[in-house]
Amino acid sequence: MEQQIPFMLGSILDNDFYKITMQCAVIRLFPDIKGRYRFINRGKHPFPEGFGDELRRHVNAMANLALSKQEKDFLSVRCPYLNPAYLDFLQGYRYDPAEVAIAQNGTELEVSVEGYWYRTILWEVPLLALISELFYKIQGMNRISNEALALRTRGKMNVFKELGITVAEFGTRRRHSYEVQKEVLHTMMEYSPGEFVGTSNVHLAMLFDVKIIGTHAHEWFMFHGARYGYKIANAFALKSWVKVFKGDLGIALTDTYTTEVFFTQFNKQFAKLFDGVRHDSGDPVLFAEKTIAHYQRLGINPLHKSIIFSDGLNPEKVATITRACKDRIGISFGIGTNLTNDVGLQPMNIVMKLVEIAAPDMHWTPTVKLSDEPGKQTGNPGMVRLARELLEITVDEI
């Protein structure tokens, strides 16, 4: 590269909150598990020459990130369910660049991570954020101005305000850049707590003194399926979560092995204990209908529970969901790419998934995510077929 790009991550907390909460749980319950992650370029984006080398330089620089005393104090006050031993661990944690393998072949980029799960779990979100930001910067792709960005953000927030719903910012993983995410949050803060409720980015939550939003991700359920079996994965994953957090962080992710399967194990005990569920794939209105019906069958008033919608949202989609759900069940929305990468350029469609796990008594075993839509399923094809067979899922149901 002719000119090196300045390092773009300024805090070890520039990450999604569910990575922090899951790391805390993994250290507590599964410290001997190893994990492998793989970058998936869903959008088939062509990477420019030298991209892999520049990414490696940034990954190497991440070894210098450390939790400051101020950051530790912030987590201690805001997140009392993160035990002091974990916070001490996090203060001593350092990213190890040797855990990350990067290779570029022409325009194709390969990135993988391997190591103990409690360590490697933090890599996914900052790696995706770096890949996205570098993609635009290396190619000199110009975005709209901060003024135009603020205008767009206000336009969306005004729609949400008129709908009478609450919105959180979930856009770290595929943001255009740190600067854009910061500008978007700064604009969203012009709105009341009844409209803007917080962010999933821990560093920015601290910077702007707003609520941190997040619980767990698909990998929590994917691990339990690979380790203990698909038939009990959902229930076992929820029990493990409760064992660590005792009822805090009570939004359950539903679609790792399809929502239909999830609800067979989301019994009255779980339904009462968890505050609500999160939707992340498939038809959101159909999901809402199934969720409302499930709570009603259990004798639980849906208005006492919530659905957090977080799948590829934009103002039009939010309006459709709101019309279908308002006054029937509690609703809130976590919006990512449409807020932090709506800058006049094509947003990247990239993910990084936990693809294998290992334990002292178990060889490397593939993980599976089925999702509620075929385009989002991941995993070894043979294991996907096996999971479908064991869970009695037909292609039509997915």
Side-chain angles (χ1 to χ4, degrees), residues 1-12 14-16 19 34-66 93-117 119-143 171-181 201 203 217 219 336-337 340-341 343 345-357 364 366-367 369 376 378-380:
M1 319 263 346
E2 293 184 1
Q3 184 177 6
Q4 288 191 331
I5 295 171
F7 183 56
M8 298 179 303
L9 295 177
S11 169
I12 199 169
D14 189 2
N15 209 323
D16 277 338
K19 285 295 181 174
K34 291 183 178 180
R36 287 175 175 162
Y37 293 79
R38 186 175 71 245
F39 170 71
I40 302 170
N41 183 7
R42 282 180 177 166
K44 309 296 182 185
H45 307 284
F47 289 89
E49 182 181 354
F51 186 93
D53 293 336
E54 186 67 7
L55 179 61
R56 166 53 66 187
R57 189 176 70 85
H58 278 74
V59 166
N60 290 346
M62 288 176 67
N64 298 317
L65 294 174
Y93 175 90
R94 299 295 183 273
Y95 283 108
D96 181 0
E99 294 168 344
V100 183
I102 301 171
Q104 184 171 356
N105 182 16
T107 60
E108 295 184 2
L109 180 70
E110 295 181 3
V111 183
S112 60
V113 178
E114 180 177 329
Y116 279 102
W117 191 26
R119 289 192 46 79
T120 55
I121 198 168
L122 290 191
W123 278 110
E124 175 193 349
V125 173
L127 277 175
L128 290 173
L130 282 174
I131 289 170
S132 183
E133 185 163 356
L134 282 171
F135 183 82
Y136 301 112
K137 285 192 173 180
I138 287 176
Q139 298 179 91
M141 302 168 75
N142 295 321
R143 65 173 176 88
T172 303
R173 291 184 303 159
R174 288 185 286 267
R175 68 191 182 194
H176 170 274
S177 59
Y178 172 79
E179 182 186 6
V180 164
Q181 187 176 16
N201 187 293
H203 162 67
E219 69 183 280
T337 306
T340 62
N341 207 343
V343 295
L345 301 169
Q346 180 188 5
M348 299 197 79
N349 185 3
I350 54 176
V351 294
M352 195 158 196
K353 293 296 181 183
L354 178 70
V355 293
E356 289 183 286
I357 63 159
W364 286 104
T367 60
K369 176 193 168 206
K376 282 193 167 185
T378 60
N380 175 283

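In this text, all values refer to a predicted model and were calculated from it rather than measured experimentally.
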task = Evaluate the ring pair (Phe, Tyr, Trp, His ring centres under 6.0 Å) criterion for residues H176 and F135: first the C-alpha distance (whole Å), next the side-chain angles of each, then the deciding distance (0.1 Å), finally the verdict.
result = CA-CA 9 Å; H176 170 274; F135 183 82; over 10 Å; no
Gap between atom [atom2] of [Y] and atom [atom1] of [X] - 0.5 Å precision:
X	Y	atom1	atom2	result
I40	I350	CD1	CD1	11.0 Å
I357	W117	CD1	CH2	7.5 Å
E99	S112	CD	OG	11.5 Å
Q104	E54	CD	CD	11.5 Å

Answer yes or no: does atom [atom1] of [X] have more than 12 heavy-atom neighbours from other residues, nucleotides or ligands under 6.0 Å?
X	atom1	value
Q139	CD	yes
K34	NZ	no
R57	CZ	yes

Has [X] got a side-chain atom pairing as donor or acceptor with [Y]'s backbone, closer than 3.5 angstrom?
X	Y	value
R174	V351	no
T107	P46	no
H45	N41	no
R173	M352	no
T120	Y116	yes
D16	T172	no
Y95	L65	no
R38	E110	no
E133	S177	no

message = Under a 4.0 Å threshold between the charged nitrogen and the carboxylate oxygen, would K19 count as salt-bridged to E124?
response =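 Salt bridge flag = yes for K19 with E124.
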message = Whether R143 and E179 form a salt bridge (side-chain N of Lys/Arg under 4.0 Å from carboxylate O of Asp/Glu) is what I want to check.
response =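 Looking at E179 and R143, the cut-off is met.
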ask   = How far apart are the C-alpha atoms of D14 and N201, what are their side-chain angles, what is the distance that settles it, and do they pass the side-chain hydrogen bond (donor to acceptor under 3.5 Å, both in side chains) test?
value = CA-CA 6 Å; D14 189 2; N201 187 293; 2.8 Å; yes
List the atom of [X], the atom of [Y], and the distance in Å for their closest heavy-atom pair.
X	Y	value
G52	I102	O-CG2, 3.8 Å
S11	H203	CB-ND1, 3.5 Å
N341	R175	ND2-C, 3.9 Å
P48	I138	CG-CG2, 3.7 Å
T340	V180	O-CG1, 3.2 Å

ask   = Do the side chains of F39 and V113 get nearer than 4.5 Å, heavy atoms only?
value =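 With C-beta onward as the side chain, the pair stays apart.
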inquiry  = Does L55 form a side-chain contact (heavy atoms from CB on, under 4.5 Å) with L109? I'd like the steps, not just the answer.
reply    = CA-CA 10 Å; L55 179 61; L109 180 70; 4.3 Å; yes
ask   = When you check the side-chain N and O atoms of Y37 and E219, is any donor under 3.5 Å from an acceptor?
value =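 E219 and Y37 do have a side-chain donor-acceptor pair below 3.5 Å.
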request  = Determine, stepwise, if the pair T378 / V355 fulfils side-chain contact (heavy atoms from CB on, under 4.5 Å).
outcome  = CA-CA 8 Å; T378 60; V355 293; over 6 Å; no
ask   = What's the verdict on side-chain contact (heavy atoms from CB on, under 4.5 Å) for L9 and H58, showing C-alpha distance, side-chain angles and the deciding distance?
value = CA-CA 9 Å; L9 295 177; H58 278 74; over 6 Å; no
ask   = Which is it for R36 and L354 under the side-chain contact (heavy atoms from CB on, under 4.5 Å) test, yes or no, and what are the steps along the way?
value = CA-CA 6 Å; R36 287 175 175 162; L354 178 70; 5.8 Å; no
inquiry  = In terms of relative ring orientation, are F47 and F51 parallel, tilted or perpendicular, with 30° and 60° separating the classes?
reply    =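 If you compare the ring of F47 with that of F51, the planes turn out tilted.
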